[in-house]
Amino acid sequence: ALETLDNGKPYSISYLVDLDMVVKCLRYYAGWSDKFHGKTIPLDGDFFCYTRHEPVGVCGQIIPWNFPLLMQAWKLGPALATGNVVVMKVAEQTPLSALYVANLIKEAGFPPGVVNIIPGYGPTAGAAISSHMEVDKVAFTGSTEVGHLIQKAAAESNLKRVTLELGGKSPNIIMSDADMDWAVDQAHFALFFNQGQCCCAGSRTYVQEDVYHEFVERSVEKAKSRVVGNPFDFKTEQGPQVDEEQFKKILGYISTGKREGAKLLCGGNPAADRGYFIQPTVFGDVQDSMTIAREEIFGPVMQILKFKTIEEVIERANDSKYGLAAAVFTKDLDKANYVSQGLRAGTVWINCYDVFGAQAPFGGYKASGNGRELGEYGLEAYVEVKN
Amino acid sequence: QIFINNEWYDSVSGKKFAVFNPANEEKICDVEEGDKADVDKAVKAARKAFELGSPWRTMDASERGRLLNKLADLVERDRLILATMETIDGGKLFSTAYLMDLGACIKTLRYYAGWADKNHGRTVPMDGNFFTFTRHEPVGVCGQIIPWNFPLVMFIWKIAPALCCGNTVVVKPAEQTPLSALYMGSLIKEAGFPPGVVNIVPGFGPTAGAAISHHMDVDKVSFTGSTEVGKLIKEAAGKSNLKRVTLELGGKSPNIVFADADLDSAVEIAHIGLFHHQGQCCIAGSRIFVEEPIYDEFVRRSIERAKKYTLGNPLLPTVQQGPQIDKEQFKKILELIDSGKKEGAKLECGGGPWGDKGYFIQPTVFSNVADDMRIAKEEIFGPVQQIMKFKTIDEVIERANNTTYGLAAAVFTKDIDKALTFAAALQAGTVWVNCYSAISAQCPFGGFKMSGNGREM
């Protein structure tokens with residue numbers, strides 16, 4: 001309930017999806033605590049050589065507002081499993097659930113000082129962490145813009161280790177042999193989930209020529225039927241955007257889209273008089289060079305683009321400074337393998353989207369970030385290898 | 001009763017066998033005696049539960065972990081009952097059963113619960129235009145035959161990794177100590193494991209055990225027990241369907257104490273290393289090699305330590321040593337003690353039975369033991385400590401390794417170089433430095449040579 005109140009996501013989703021994943025993530029990392037093995041190494045010479053995986057130390061963790069509780073779990077899980085201590089700055093838009101968890105941390109029995117949580121703003125509290133001389137590592141999830149600042153601060157202060165989970169403009173490629181119903185359904189979910197506020201949102205939907213028109217028509221129909229409303233109402237599928245800044249920014253992108261010549265097929269306006277609600281919006285005939293095709297909107301605005309060949313779409317999909325995720329929908333095994341190898345993205349989904357598990361590593365290529373979270377890979381950033 | 005498909009059954013033959021309390025030789029109860037027909041039923045149930053598309057096969061790996069954690073919760077809840085059962089059925093000291101055995105059971109279950117969704121295969125950059133990846137699939141129906149010295153711990157050591165990886169099992173607990181395993185059947189059902197995933201068939205080795213090791217539809221057999229029976233199991237596997245075999249067998253583990261060791265600590269740890277659970281441990285440090293300069297003092301202190309024992313009913317908190325498990329073991333140990341006396345070892349204390357009821361043997365210490373004596377070569381599995389003298393490092397390495405066993409070993413020294421030399425030189429699955437019996441769910445355990453094949457934990 002806290003999550004829905006603070007962030008705006010539908011209650012049914014907070015409860016069934018976010019919280020479910022939080023519990024699973026914590027249990028997953030609980031299991032790794034005593035299993036992250038160092039190695040004994042057969043070195044040349046008469047030496048006994050082995051590695052220890054020691055905790056990095058004091059970890060600053062700066063988390064975003066789109067999945068407040070889940071992002072907290074993703075950060076705490078691996079850090080605590082490997083024996084680190086944490087100073088966490090929660091997003092100023094959504095500090096409540098993380099602060100509630102702080103109480104639970106005390107109740108669970110973690111020693112004092114192991115987890116510390118500070119609500120505050122980026123330029124003040126966040127910057128204090130990234131430039132702190134006694135913080136051994138900083139982990140940040142948020143915008144690419146701020147990611148640059150964090151990495152700079154780390155370099156300028158004490159060369160603290162940095163991992164970043166940033167933005168994306170993830171391509172979702174629909175081949176003509178895809179299961180049409182399923183592809184429309186998933187592409188809709190890929191973009192509109194969480195009010196479009198996902199770093200890995202499938203915000204460039206590339207549809208192969210032959211099936212383009214049908215796909216667009218069905219997508220518009222689906223977007224039109226999306227229920228926007230009070231997130232505590234079980235019928236609601238889409239809640240408000242998180243704040244005024246985002247709200248204005250998204251409406252700005254919609255304007256730009258229209259101005260630059262994309263075809264507005266539905267939505268495009270605020271959805272209510274109060275609250276930061278935006279109508280599910282679909283643009284067709286989008287070109288790669290348009291702003292809405294290049295910049296991360298982080299709202300319920302879908303871009304549909306047309307393509308002819310597989311080689312062309314791979315090139316266009318990769319033509320982005322981002323590289324967080326991608327997907328391909330096809331029934332052909334060879335196409336699936338070919339495309340998934342060709343895409344420069346940290347996660348490639350085949351005939352599905354937004355499939356996550358605590359077991360599977362997640363992270364970006366290029367300006368979408370450094371390092372991976374979740375899975376065994378997620379532990380690496382939180383240990384220092386001593387030989 | 002026999003536990004198959006989460007239900008309880010009488011034996012097909014109708015036969016039962018009695019289970020006894022070794023502290024007073026009284027019967028505790030009768031248990032259904034499983035034989036080949038019951039094993040067949042159990043294997044069928046396990047095979048069905050393993051079918052492609054079954055609830056167990058299609059369950060998320062993390063969910064298997066959750067079930068194992070739930071089982072750990074239930075063991076924690078019923079810790080008192082289970083510890084009492086171990087004591088009455090196995091002659092184990094209650095405080096040890098409650099604190100150590102049950103503690104280990106819970107930790108092992110939770111450890112393997114954690115591994116369930118972390119058993120990674122790999123993607124492999126093969127030559128050629130191929131997408132290659134490995135899957136770590138469950139072996140299938142696993143027969144698991146467990147001993148009587150740590151009944152519940154051995155049960156958990158077997159089922160935890162097996163279930164963690166998605167297998168189904170048919171467990172045959174020892175005929176001397178079937179009770180705690182059977183109680184686990186009810187907890188397994190309560191935790192929510194699908195029927196047929198765990199099946200428990202109490203019975204005897206030559207009947208039920210052999211039925212498992214010979215079975216054409218069992219994919220793997222795992223056995224902990226004597227080397228003698230281990231050989232039979234491996235032979236049976238070879239004769240039948242080449243089922244995978246892992247064995248945890250006996251040992252005659254050397255414990256090497258150098259003059260530069262902390263003497264107090266070495267004496268105490270060597271003592272516990274032998275006498276724990278009446279000497280009935282596969283890892284018992286049953287050949288203590290002491291460096292000449294401190295030999296006499298070490299023997300003196302060890303005798304003093306061995307004399308400080310109160311024997312009696314293991315349920316009582318004042319008792320420090322319980323009975324041996326049964327008459328067969330009791331006789332065997334006394335026979336070996338006699339051989340020690342006859343072959344010329346110096347009996348320093350103990351050397352005979354204790355009490356007029358129950359299978360109690362006095363804590364016994366032999367000094368001046370020579371390597372070729374029976375008590376220095378054969379596994380006694382009782383409260384009988386052998387102390388030998390040595391001069392040089394090379395000599396003791398050779399003598400320590402001069403055995404068909406290779407389960408564990410230890411070295412006591414403050415010198416880093418000596419410690420590392422022994423860590424490398426000793427042919428044993430586990431080498432302890434300045435400690436003994438340090439075992440934990442995170443560490444692999446198993447034997448070199450005839451102490452076994454494979455590693456557990």
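Below, chains carry the letters A, B, ... as their sequence lines are ordered, and counting in each starts from 1. Since this is a predicted model, take the numbers as computed values, not measurements.
Relative orientation of the B:Trp115 and A:Trp32 rings is perpendicular, given thresholds of 30° and 60° on the angle between their planes.
How far CZ of A:Phe48 is from CD1 of B:Ile416: 10.5 Å, rounded to the nearest 0.5 Å. Taken from CG in B:Leu420 to CZ in A:Phe47, the straight-line distance is 12.0 Å, to the nearest 0.5 Å. Annotation: the span from B:Asn129 atom CG to A:Tyr338 atom OH amounts to 10.5 Å, rounded to 0.5 Å.
Residues passing the salt bridge (charged side-chain N to carboxylate O under 4.0 Å, His left out) test with A:Asp46, sequence neighbours excluded: none.
Atom CD of B:Glu398 sits in a sparse spot, with 12 or fewer heavy atoms from other residues, nucleotides or ligands closer than 6.0 Å. Dense packing is recorded around CZ of A:Arg316, with more than 12 heavy atoms of other residues, nucleotides or ligands lying under 6.0 Å away. Counted within 6.0 Å of CZ on A:Arg52, heavy atoms from surrounding residues, nucleotides or ligands total 12 or fewer; the atom is thus considered open. Annotation: B:Lys220, atom NZ; neighbour count of heavy atoms from other residues, nucleotides and ligands within 6.0 Å is above 12.
Residues B:Ser62 and A:Gln359 form a side-chain contact, since some pair of their non-hydrogen atoms from C-beta on lies under 4.5 Å apart. Put simply, the side chain of B:Phe131 does not reach to within 4.5 Å of the side chain of A:Gln341, judged on heavy atoms.
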Pair up each side-chain donor or acceptor in residues 434-447 of chain B with any protein partner under 3.5 Å, not counting sequence neighbours, and list the distances.
| unit_1 | atom_1 | unit_2 | atom_2 | d |
| --- | --- | --- | --- | --- |
| B:Asn434 | OD1 | B:Thr413 | N | 2.9 |
| B:Asn434 | ND2 | B:Thr413 | O | 2.8 |
| B:Tyr436 | OH | B:Ile283 | O | 2.6 |
| B:Tyr436 | OH | B:Gly285 | N | 3.2 |
| B:Ser440 | OG | B:Gln442 | OE1 | 2.5 |
| B:Gln442 | NE2 | A:Asp34 | OD2 | 3.0 |

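Per-residue heavy-atom pair counts under 4.5 Å with chain A were compared for B:Arg110, B:Arg66, B:Lys118, and the maximum is reached by B:Lys118.
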